Amino acid sequence: MSRGRSRRSVSYADLAIDRFRNWPLKACRAACPPGRALALPGLQIVHFHQGDVAEVFLTQDVICRLTATLSTSGRIEFFPDIGWVQVYLDTDGDLFLLQSLVSLAIQANDPVNWPSRRPTADCPHATPNPGRASGAPGPDHPARPLIATIAQQTAARAAFLLGR
């Protein structure tokens, strides 16, 4: 059964970058070469290093809150210790999933929302042996209502797109 995959002369990474053209992101070189990135002012939040894999900086807090949702998609590897996730892009549904995650990343990294703690961390590409997710978030990570609502919406959309 095909998951919407079609033969394209353009990579899904190129299609993804094109989808973010009108978003509040700037296209640039990835801070950890090779590759391209999308950045908020002063912070890269999306990296495209290899093939059709995108890395999104969600922050450690957001990943801890979304562990269950992220792990059920089957299209995402996440690294809670460094705050990044990797999304495999080989269907149109994966591009929609990436858009949802980048939307969360913009909110999580917006200095208006977190003025006292602007998180930064190297992406999995730059980090040797990054820690992979190993279970549900602990009790010290209470969910904020807005993030929980977005997580539910993202989970429902991802489930729909992935045919679950």
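Remember, it's a predicted structure, so these values are computed and weren't measured experimentally. Note: hydrogens, waters and symmetry copies are ignored here, and every other heavy atom, side chains too, is used. Counting from 1, the numbers follow the sequence of the chain as shown.
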Atom [atom1] of [X] and atom [atom2] of [Y]: how far apart are they, to the nearest 0.5 Å?
X	Y	atom1	atom2	answer
Q50	S11	CD	OG	12.5 Å
F57	H47	CZ	NE2	10.0 Å
I82	E55	CD1	CD	8.0 Å
Q86	E77	CD	CD	5.5 Å
I17	W23	CD1	CH2	14.0 Å

Minimum heavy-atom distance [X]-[Y], with the two atoms named:
X	Y	result
A54	L89	CB-CD1, 3.9 Å
P34	H49	O-ND1, 2.5 Å
A37	A30	CB-CA, 3.8 Å
L58	A105	CD2-N, 3.8 Å
G83	I63	C-CD1, 3.3 Å
D94	V87	O-CG1, 4.4 Å

Atom CZ of R19: over 12 foreign heavy atoms under 6.0 Å: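 Check passes, neighbour count above 12.
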Would you say that [X] contacts [Y] through its side chain, given a criterion of any heavy-atom pair below 4.5 Å between the two side chains?
X	Y	result
L97	R75	yes
V56	L104	no
F96	T91	no
K26	L40	no

Any sub-3.5 Å donor-acceptor pair from [X]'s side-chain atoms to [Y]'s backbone N or O?
X	Y	answer
D52	D90	no
R29	R36	no
S73	T69	no
Q60	D81	yes
S71	T67	yes

Derivation of the side chain to side chain contact (heavy atoms under 4.5 Å, CB included) call for D92 and Y12: CA-CA 8 Å; D92 291 337; Y12 277 94; 3.7 Å; yes
ring-ring contact (aromatic ring centres under 6.0 Å, His included) evaluation trace for F79 with W84: CA-CA 5 Å; F79 308 92; W84 288 81; 9.6 Å; no
Member of L25, V46, L38 meeting the side-chain contact (heavy atoms from CB on, under 4.5 Å) criterion with I106: L25
